[in-house]
Amino acid sequence: MEHMIIRPARYEDLEAMSGLLQELFTMEKDFSPDPVKQRSGLKQLLTSPTAIIFAAEYDGEIVGMCTVQKVISTAEGGMSGLLEDLIVTPRCRDCGIGQSLILFAEKWAIKQDLVRLQLLAEADNTAALRFYDRAGWQKTGLICRRKMLNTNSQLY
Ligand SMILES: CC(C)(COP(=O)(O)OP(=O)(O)OC[C@H]1O[C@@H](n2cnc3c(N)ncnc32)[C@H](O)[C@@H]1OP(=O)(O)O)[C@@H](O)C(=O)NCCC(=O)NCCS
């Protein structure tokens, strides 16, 4: 992949990145693809001072992406980062693009003085879990719960 570069995403990458997220959220059972929401989320990330989007560009085309958002960790007594939205378009997989995206995210996080990165993955996404094993990401015993917040939410 000689002509592949990883760089911070720009506004003009929006449509391509939204397309990648349609693929990701079609694949992940807990999410639903919605281009309007994905474009909105991406715009918010592009302008956020506490987040970054990395885009993988190959021959002028966006073929992969990942995002990192900073959060305060009381466990670490400092900032950690949530890595999300990692996807490489199917025809470009197994060529090292995913590894490069993760590496750029990790280097950025170190430069930003983040002390840890974390991510969520589907328990049955064996390809991604193997990929994270290889990249040196530890397993945890944590699971994810969520509550959607709307006017009908049951509040305690
Ligand atoms: C997970 C994902 C992002 C990995 O991206 P990728 O670009 O295929 O990853 P890489 O090419 O860096 O690594 C994949 C494999 O190819 C191998 N590889 C890396 N560079 C290689 C190269 N130059 N030539 C051949 N194989 C290579 C790696 O050893 C790795 O092996 P593994 O399957 O044992 O981990 C990609 O499969 C994907 O988009 N999946 C669907 C979305 C998804 O599951 N996202 C994660 C949500 S939590």
Side-chain angles (χ1 to χ4, degrees), residues 1-10 12-46 48 50-71 73 75-76 79-112 114-148:
M1 289 254 137
E2 237 176 76
H3 305 293
M4 199 272 293
I5 56 165
I6 309 285
R7 57 164 176 78
R10 302 188 284 258
E12 55 265 35
D13 305 323
L14 198 65
E15 283 312 308
M17 294 193 297
S18 171
L20 287 171
L21 293 181
Q22 301 320 296
E23 267 183 58
L24 183 63
F25 297 142
T26 299
M27 196 192 108
E28 294 188 322
K29 291 178 285 296
D30 280 296
F31 303 103
S32 304
D34 180 329
V36 174
K37 287 183 181 171
Q38 272 81 75
R39 276 197 291 272
S40 169
L42 287 165
K43 280 182 197 165
Q44 291 173 55
L45 284 167
L46 281 169
S48 167
T50 58
I52 189 154
I53 310 178
F54 283 109
E57 185 184 321
Y58 178 61
D59 272 350
E61 192 187 332
I62 302 303
V63 296
M65 63 177 290
C66 74
T67 66
V68 183
Q69 300 181 56
K70 294 184 192 179
V71 289
S73 165
E76 307 297 347
M79 301 297 290
S80 73
L82 178 59
L83 188 141
E84 291 193 305
D85 305 316
L86 174 68
I87 177 152
V88 172
T89 200
R91 71 183 163 77
C92 292
R93 286 181 194 162
D94 296 334
C95 298
I97 296 176
Q99 282 177 7
S100 299
L101 282 163
I102 288 262
L103 192 67
F104 271 71
E106 291 176 5
K107 282 186 175 165
W108 178 83
I110 290 166
K111 268 198 189 147
Q112 298 285 316
L114 305 191
V115 289
R116 188 188 68 207
L117 283 171
Q118 63 267 356
L119 59 82
L120 297 166
E122 285 187 314
D124 61 359
N125 188 349
T126 47
L129 295 175
R130 191 181 57 225
F131 168 84
Y132 293 129
D133 280 341
R134 282 211 199 224
W137 285 56
Q138 294 165 5
K139 291 188 178 78
T140 75
L142 300 169
I143 59 162
C144 178
R145 293 279 182 112
R146 72 178 177 190
K147 184 183 235 185
M148 301 309 286

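All ligand and atom numbering here is 1-based and tracks the order in the structure.
- Around atom NZ of Lys139, no more than 12 heavy atoms belonging to other residues, nucleotides or ligands sit under 6.0 Å away.
- Counting only heavy atoms of the protein, atom 27 (C) of ligand 1 lies nearest to Asp94 O, 3.4 Å.
- Ranking protein heavy atoms by distance to atom 45 (N) of ligand 1, first place goes to Leu86 O, 2.8 Å.
- For the residue pair Val68 and Gly81, the shortest heavy atom distance occurs at CG1-CA, 4.2 Å.
- For Arg39, the side-chain hydrogen bond (donor to acceptor under 3.5 Å, both in side chains) partners at least two apart in sequence or on another chain are Glu15.
- Summary of contacts: the protein heavy atom closest to atom 39 (O) of ligand 1 is Val88 N, 2.8 Å.
- Interface atoms of ligand 1 facing Phe131, defined by a heavy-atom separation under 4.0 Å, are 4 (C), 9 (O), 10 (P), 12 (O), 13 (O), 35 (O).
- Evaluated by nearest non-hydrogen atom to atom 33 (O) of ligand 1, the leading choice among Arg130, Glu122, Arg134 is Arg130.
- Near Leu120, the atoms of ligand 1 lying under 4.0 angstrom from a non-hydrogen atom of the residue are 48 (S).
- Note: Gln38 CD to Leu14 CG = 11.0 Å, rounded to the nearest 0.5 Å.
- Listed by chain and number, the residues in a side-chain hydrogen bond (donor to acceptor under 3.5 Å, both in side chains) with Thr26 amount to none (sequence neighbours excluded).
- Atoms of ligand 1 lying under 4.0 Å from at least one heavy atom of Glu28, given by number and element, are 47 (C).
- Counting only heavy atoms of the protein, atom 48 (S) of ligand 1 lies nearest to Tyr132 OH, 3.3 Å.
- Between Ser48 and Gln44, the side chains place no donor N or O within less than 3.5 Å of an acceptor N or O (distance only, hydrogens not considered).
- Counting only heavy atoms of the protein, atom 37 (O) of ligand 1 lies nearest to Arg93 CD, 3.4 Å.
- Listed by number with element, the atoms of ligand 1 under 4.0 angstrom from any heavy atom of Met27 are 41 (C), 42 (C), 43 (C), 44 (O).
- Contact atoms of ligand 1 toward Ala121: 48 (S) (distance under 4.0 Å to a heavy atom of the residue).
- Remark: minimum distance from atom 23 (N) of ligand 1 to any protein heavy atom is reached at Cys95 O, 3.5 Å.
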Hey, mind stepping through Glu61 and Arg91 against salt bridge (Lys or Arg N to Asp or Glu O under 4.0 Å) and telling me if it holds?
CA-CA 13 Å; Glu61 192 187 332; Arg91 71 183 163 77; 2.7 Å; yes

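- Nearest protein neighbour of atom 7 (O) of ligand 1, counting heavy atoms only, is Gly98 N, 2.8 Å.
- Geometrically, Arg93 does not engage Tyr58 in a cation-pi contact defined by less than 6.0 Å to the ring centre and at most 45° from the axis.
- Around the CD atom of Gln138, the shell of radius 6.0 Å holds no more than 12 heavy atoms that belong to other residues, nucleotides or ligands.
- For atom 1 (C) of ligand 1, the choice among Ala135, Cys92, Cys66, Ala128 with the nearest heavy atom turns out to be Ala128.
- The atoms of ligand 1 that sit less than 4.0 Å from any heavy atom of Ile87 are 39 (O).
- Distance from atom 30 (C) of ligand 1 to its nearest protein heavy atom, with residue and atom name: Gln99 NE2, 4.1 Å.
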